[in-house]
Structure formats: structure tokens, C-alpha cells
Visitor: 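Here's a structure for you.
Predicted, not measured: the structure shown is a model, and the values here were computed from it. In what follows, chains carry the letters A, B, and so on, assigned in the order in which the sequence lines appear, proteins first and then strands, with residues in each chain numbered from 1.
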Protein chains: 2
Amino acid sequence: MTTAQQSAPSAPAGLRERKKRRTRDALLRAALVLFVSQGYEQTTVDEITEAVDVSQRTFFRYFANKEEAAFAVQDLVEQHFVAALRARPAAEGPLLAMRNAVLCSWATVGEAIAEMVPVDLYMRTYQLIESTPALLAVHLRRSTELEEKIARLIAEREGLDVEADPRPRVAVAAFSGVMRVTGRLWGQGEDTSVEAIRRLTERYLDQIAPALAADWR
Amino acid sequence: MTTAQQSAPSAPAGLRERKKRRTRDALLRAALVLFVSQGYEQTTVDEITEAVDVSQRTFFRYFANKEEAAFAVQDLVEQHFVAALRARPAAEGPLLAMRNAVLCSWATVGEAIAEMVPVDLYMRTYQLIESTPALLAVHLRRSTELEEKIARLIAEREGLDVEADPRPRVAVAAFSGVMRVTGRLWGQGEDTSVEAIRRLTERYLDQIAPALAADWR
DNA sequence: TGTGAACTGTCAGTCGCTGTCAATAGCCTG
DNA sequence: CAGGCTATTGACAGCGACTGACAGTTCACA
């Protein structure tokens with residue numbers, strides 16, 4: 001309801017719709033640029049709306065709150081991952097399916113992002129999220145919502161009941177715990193390329209089994 | 001720096017100190033009672049300070065923000081867990097040590113909590129945190145900070161370098177992912193006893209290995 | 001006992017966010 | 001194409017979280 005109205009970006013639609021879309025895009029871009037350049041909390045909603053020349057009230061008609069603007073692109077990335085996971089063949093086990101879904105989706109999200117904002121603006125936004133406590137908090141809450149969705153998806157794939165069998169949630173929890181660690185490390189490192197996070201992810205996912213062994217020596 | 005000044009609760013100290021402590025305790029208790037009875041966002045800082053009869057400014061001298069009051073007890077619980085983990089014999093492997101630390105610490109936190117607030121007030125506060133988006137977000141951020149601390153502790157136990165070897169972070173990520181799931185399920189369920197979360201935890205932790213198997217069938 | 005420091009209250013102001021209401025501008029029907 | 005309908009917007013007022021500045025009290029300690 002809140003999301004997914006930017007789905008058909010090429011639909012001509014009426015003048016009204018196009019105007020709305022332009023306003024939203026302008027607000028989003030202005031917000032991200034300001035956030036990235038001077039910090040999230042240092043950026044006032046008034047500054048954003050002044051940059052786009054609309055009233056403050058209008059900003060809040062497009063975004064429920066200041067945070068929502070920061071996560072608009074992230075939202076798209078997550079939907080992309082879910083779609084990739086759905087596309088995995090049923091023969092793949094849960095962990096392998098999730099692993100392949102991340103690796104695959106990264107290969108293609110780029111274009112989807114570029115339709116909204118420049119890709120490197122998104123990269124810097126992600127790093128900002130990781131390094132701004134208030135945004136990080138929201139990011140983590142959103143992540144758990146996504147986890148729940150994924151757990152249900154995995155359960156469905158395996159023909160299980162999420163409430164009865166702990167394995168779907170446990171597997172997803174372990175998997176996304178690792179994903180969050182890599183996300184954080186990537187945000188802190190200096191190599192911001194997609195290749196970098198890809199390598200990091202593979203390396204860390206490979207360590208799940210060894211890390212859970214009773215004895216590491 | 002922000003924490004751990006309630007460490008020596010029996011120290012007589014000066015009149016000033018005792019007065020401060022009483023004010024803080026009163027504010028904390030009033031805040032929690034109001035939070036659980038009418039909701040976090042529905043509770044105004046003014047209401048809290050009126051209940052204790054101090055100025056609003058004073059509240060913000062004891063708590064950096066409204067949230068901090070909600071997490072004061074949680075803070076203590078987490079310190080308790082870390083202490084329990086430190087006390088585990090070096091012979092125990094990482095996962096086993098963490099598992100025993102949680103189970104052990106639950107057996108004794110009760111008293112520590114009771115020195116600050118009634119235990120069942122804490123229970124209801126925890127459920128409130130889990131069910132209030134704004135608080136849940138902060139809770140998750142705090143959790144990742146704790147995870148980082150634990151990862152370093154585990155690495156130390158095993159004589160490893162956290163930055164070089166992914167296993168400590170991966171193990172902790174998997175472990176606490178599971179802990180969060182159980183915490184959430186416990187908050188949603190109706191059995192709010194310590195016994196309940198203990199059982200839930202053991203059951204879910206036992207599923208880590210099976211859940212990460214390549215094939216569940 | 002007096003002096004400095006710690007606490008506190010008061011006041012004013014910023015910022016995120018919401019409700020209301022009137023004005024404007026695309027859209028659609030006759 | 002006129003005229004009305006409705007979506008979108010701007011202007012304004014107001015609430016609540018939070019902060020800085022200043023002044024008054026109260027404890028601690030020489």
C-alpha cells in the first residue's frame with residue numbers, strides 16, 4: 001500500500017500522475033543528497049522542501065516521516081531480493097536458495113536503482129544508514145520484518161508450518177545475521193564496489209558451518 | 001559512562017547522591033508504569049515528570065531521551081549476560097558457552113532487576129518494547145552493539161583476531177539471531193514466565209544445526 | 001560559616017509531525 | 001467547451017521531544 005507504486009515507471013498516465021511522480025522523485029533526490037552531504041540529523045525537512053520549492057506539508061504527504069525518504073531505495077532492493085528468492089528452483093535447499101538469491105539479485109538491482117536515483121547516491125545512502133544510529137535502528141527493524149517474510153517463504157518452499165517447525169525462522173535468522181554483519185563491514189570498509197560486498201558475502205556465508213562447530217581448534 | 005552508576009546500590013554515600021538516586025528511580029518507575037499502562041507514545045514526558053513532581057528539564061538530565069528510560073532495566077540484564085559469559089570455563093566451545101551463559105544468567109537476573117523495579121514491571125516493559133515499533137528499532141540497534149561486544153569476547157576466549165577470522169562474528173550473529181526470534185515469540189505468547197522463555201530458547205537453539213543442513217527432508 | 005560546585009526550575013526556542021481549511025489545478029461529464 | 005468534481009497543495013496553528021541559557025537552591029568541604 002505504501003510501497004510499489006513506482007512499479008510501472010514507463011506508464012504515461014495522466015498529467016496529474018506524472019506531476020506527482022516528479023515531485024516525489026525530486027523530494028527523494030534532494031533529501032538523499034542533503035542527507036549524504038551534511039548528515040541525516042543535520043538536515044531539516046524545511047531544507048529539503050526549500051530545495052524543491054514545495055511546502056513542508058507536501059513532504060509529509062509523500063513520506064510518512066523523514067526516515068521513510070532515507071529508505072525508499074532500500075525498499076526496492078529488498079523487494080528485488082524477495083523476487084530473486086521466489087525464482088529459485090524448488091530443488092535448492094533453504095540456505096543455498098537464499099545464498100544464490102542474494103548473489104543473483106546483486107547482479108541486477110543496479111538498473112532498478114538507477115531508475116530512481118544515481119547508483120552511487122544509493123551506495124552512500126546505505127553507508128549513511130549504517131553509520132547513523134537513528135537510521136540504523138530503523139534499518140534493523142525493517143530487516144526483521146523482511147526476515148519474517150522470508151521465513152514464511154522458505155517454509156512454503158519446504159511445505160512446512162512456520163509456527164510449528166522452528167527451522168525456517170532459525171535458518172533465516174542465522175542467514176540474515178550473517179548478512180547484516182557483512183553489510184556493516186562493507187559500509188565501514190573503503191571498497192564500495194558491488195564486487196566487494198559480493199566477495200565478503202560469499203566468504204562469510206561459507207563460515208556458517210565452521211562457526212557453529214562445537215570446537216574451533 | 002552512561003551506564004553502571006547503579007552498580008553499588010548499597011553504598012551509603014552523601015545525602016546528595018542518595019537524593020539523586022531516589023529521583024532517578026522515581027522517574028524510572030513512573031515512566032515504566034505509564035508506558036506499560038497507556039503505551040509508550042501515548043505517554044508524555046510531562047506526564048512522567050508531573051507524577052514525580054519535577055520539571056521536564058530534570059527528566060532530560062537523568063535520561064538522554066525518552067527511550068533511554070525504557071531501556072534502563074534491559075541494560076542491566078545485558079550486563080548480567082556478559083558477566084555470565086565471562087564466567088564460563090574456557091574449555092566450553094563458543095556456542096555452548098553462549099548457550100549456558102543465557103540459561104545461567106536467567107536464573108539470577110531476577111534479584112538484580114528487583115533492586116531497581118518490580119520484576120513483572122520489567123516483563124511487561126519487555127513486551128512493550130517488542131510491540132512498539134519505535135522501541136523495537138532501538139532495541140535491535142542496542143542488540144547489535146551487544147553482539148559486537150560478545151564477538152570480541154568470544155574471539156578473545158579462542159585466542160583469535162575478530163577482524164581476521166569471520167567465525168566469532170558469524171557464530172554470534174547466528175546465535176543472537178535465534179535469541180531475537182525466541183524473544184519475539186515469547187513476547188507474543190501468553191506464558192510470560194521465565195520458565196517459558198527458557199524452554200523456548202533451548203528448543204530453538206537445538207534447531208540451529210538441523211536448520212543449517214543442506215536438505216531438511 | 002562561607003564559598004564553590006552540583007542540581008534544579010524556568011523560559012525561550014528549534015524541529016519533527018499533524019489537523020484544518022481554503023485555494024488551485026487536472027479531469028470528466030454533459 | 002463550460003462547469004462542476006476531486007485530488008493536490010499551501011498557509012497556519014498547534015503538540016510534543018529536546019536543547020541552551022540563566023538564575024536560584026542546596027549540599028559538600030575547607
Visitor: Of the options C:dG16, D:dT19, D:dC27, whose atoms approach the side-chain atoms of B:Lys19 most closely?
Guide: D:dC27
Visitor: Taking all non-hydrogen atoms of both residues into account, name the closest pair between B:Phe71 and B:Leu135 and its distance.
Guide: CZ-O, 3.3 Å
Visitor: Report the residue (A:Gln56 or A:Arg61) whose heavy-atom-nearest nucleotide on DNA chain C is the more 5′ of the two.
Guide: A:Gln56
Visitor: Rounded to whole angstrom units, what separation is found between the CG atom of A:Leu135 and the P atom of C:dG16?
Guide: 13 Å
Visitor: Does D:dT8 have OP1 or OP2 sitting under 4.0 Å from an N or O in the side chain of A:Tyr62?
Guide: no
Visitor: Look at the side chain of B:Thr44 and decide which nucleotide, out of C:dC15, D:dA17, D:dG10, has an atom nearest to it.
Guide: D:dA17
Visitor: Should A:Glu148 and A:Arg152 count as an ion pair when the cut-off is N to O under 4.0 Å?
Guide: yes
Visitor: Could you state the CZ-P distance from B:Arg24 to C:dC7, rounded to the nearest angstrom?
Guide: 13 Å
Visitor: Hey, does A:Thr43 reach any base, or is it just sugar-phosphate, or nothing, if we go heavy atoms under 4.0 Å?
Guide: sugar-phosphate
Visitor: C:dT8 P sits how many Å from B:Phe63 CZ, rounded?
Guide: 12 Å
Visitor: Any non-hydrogen side-chain atom of B:His80 less than 4.5 Å from a side-chain atom of B:Ile113?
Guide: no
Visitor: For A:Ala101 versus A:Phe81, what's the shortest heavy-atom pair and its separation?
Guide: CB-CE1, 3.6 Å
Visitor: Atom CZ of A:Phe59 and atom P of C:dT18: how far apart are they, to the nearest Å?
Guide: 11 Å
Visitor: For a quick test of reading the model, state the closest non-hydrogen atom pair linking A:Ala72 to A:Met116 and the distance between them.
Guide: O-CE, 4.0 Å
Visitor: On a plain distance test, is the side chain of B:Arg16 in donor-acceptor contact with the base of D:dA28 below 3.5 Å?
Guide: no
Visitor: Rounded to whole angstrom units, what separation is found between the CD atom of B:Glu41 and the P atom of C:dG16?
Guide: 17 Å
Visitor: Select base, sugar-phosphate, or nothing to describe what A:Asp46 touches, counting heavy atoms under 4.0 Å on all strands.
Guide: nothing
Visitor: Which nucleotide wins on minimum distance to the side chain of A:Ser55, given the candidates D:dC18, C:dG16, D:dG10?
Guide: D:dG10
Visitor: Measure CD1/B:Ile48 against P/D:dG16 and give the value in whole Å, please.
Guide: 13 Å
Visitor: Can you check whether B:Lys66 has a side-chain N or O nearer than 4.0 Å to OP1 or OP2 of D:dC18?
Guide: no
Visitor: May I have the distance from B:Arg22 (atom CZ) to C:dT8 (atom C1'), rounded to whole angstrom?
Guide: 15 Å
Visitor: How many Å lie between CZ on B:Arg21 and P on D:dC27, as a whole number?
Guide: 19 Å
Visitor: Let me spell it out: for each of A:Val45 and A:Arg57, pick the nucleotide of DNA chain C with the closest heavy atom. Which residue's pick is nearer the 5' end?
Guide: A:Val45
Visitor: Quick one: on DNA chain D, does A:Val54 or B:Phe60 contact a more 5' nucleotide (nearest heavy atom)?
Guide: A:Val54
